[in-house]
Amino acid sequence: MDSSVAAVLLNKAIGDNLHCIFVNNGLLRKNEFDDVLHQYKDMGLNVKGVDASARFLDALEGESDPEKKRKTIGRVFIEVFDDEAHKVENAKWLAQGTIYPDVIESVSATGGPSATIKSHHNVGGLPDFMKLKVVEPLKMLFKDEVRRVGKSMGLEPNLLGRHPFPGSGPAIRILGDITREKVAILQEVDHIFIQGLKDWGLYDQVWQAGAMLLPVNSVGVMGDERTYEKCVALRAVESTDGMTADWVNLPYEFLQKTSNDIINKVPGVNRVVYDISSKPPATIEWE
Ligand code: XMP
């Protein structure tokens, strides 16, 4: 949503001189790359989709440390972006949809007022070799303010109302190392949860929701067979800016149906739990 608002704003200012690059890092939501790419094209944006999934997933292989995972994603993002920027003749500026909370939560303990909680991949500037200057028109705004800017420019409600989704996606929602199989499991679980929220009319009452894949297996029973499979945690929070958040009191009937759907439809998962922790002290993402 942040990048979309930044793109539309810049499109108004410089039209086709704006070259939007939408990178599939293999860590998006199910179907998100194709859906969003089409929507951007329909909005008249000069956008190019770059599928770099393999590059990101290969680079993440074997890495379990949350900050190292973020740094790897940040590094590969810059590499992919640099490759693409070279294909745009005479490009001088890089625009990003960075918003204020991204900046505050990534500022270092020595460089700013708060300790580094999590280093968001789009914060921290560009390596010198890129020679691009950065423009971040939304840098001083909170998410609800960005939504207002988007609304005033006529962006579709479905784009503006999208829940925040971390650029590092499932990489920080899969605790431990990342594999293609785990990403696929989590995308299915997340899809069932998010689609369920929409079907039950709950999506807009929730600020952010998603699923976490936990690094534990537990014993279950399927028919008369013993299973020993993965556990997922569902998380839904209310917030205005992501800086503080409360867990949402979702209806038990909804949780019951969602849990059954997940366990019946996603092979490899035999247990679902619901996260009832607020921020602080817990953060929204588990990593
Ligand atoms: P936490 O987990 O710090 O999340 O309570 C606050 C908000 O920031 C998002 N978040 C991220 N967004 N890259 C992003 O683009 C990241 O590495 C990242 N980590 C957390 C989180 O989804 C929530 O909206």
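Here, residue 1 is the first one in the sequence, and each next residue gets the next number. Both ligands and their constituent atoms are indexed starting at 1 by order of listing. When reading the values below, keep in mind they use all heavy atoms of this one structure, side chains included, and skip hydrogens, waters and symmetry mates.
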Under 3.5 Å: N/O of [X] near N/O of ligand 1:
X: R70; result: yes
X: R173; result: no
X: F165; result: no
X: I284; result: yes

Heavy atoms only: give me the nearest G242-I284 pair and the separation to one decimal.
O-CD1, 3.8 Å

Atom indices of ligand 1, in the order listed, that fall short of 4.0 Å to a heavy atom of [X]:
X: G167; value: 13 (N), 14 (C), 15 (O)
X: G242; value: 6 (C)
X: S168; value: 13 (N), 16 (C), 17 (O)
X: I172; value: 19 (N)

side-chain contact (heavy atoms from CB on, under 4.5 Å) between H163 and Y203: does it pass, once the steps are laid out?
CA-CA 8 Å; H163 289 172; Y203 186 83; 3.3 Å; yes

Determine, considering heavy atoms only, which of E67, Q208, K279 sits nearest to atom 24 (O) of ligand 1.
Q208

Using a strict 4.0 Å threshold on nitrogen-to-oxygen distance, state whether K279 and D246 make a salt bridge.
no

Regarding [X] and [Y], do their side chains bring together a donor and an acceptor under 3.5 Å, going by distance alone?
X: Y228; Y: S218; value: no
X: D199; Y: Q195; value: yes
X: T240; Y: D144; value: no

With sequence neighbours left out, what residues match W93 under ring pair (Phe, Tyr, Trp, His ring centres under 6.0 Å)?
none

Proximity to ligand 1 by part of D102, non-hydrogen separation under 4.0 Å:
neither

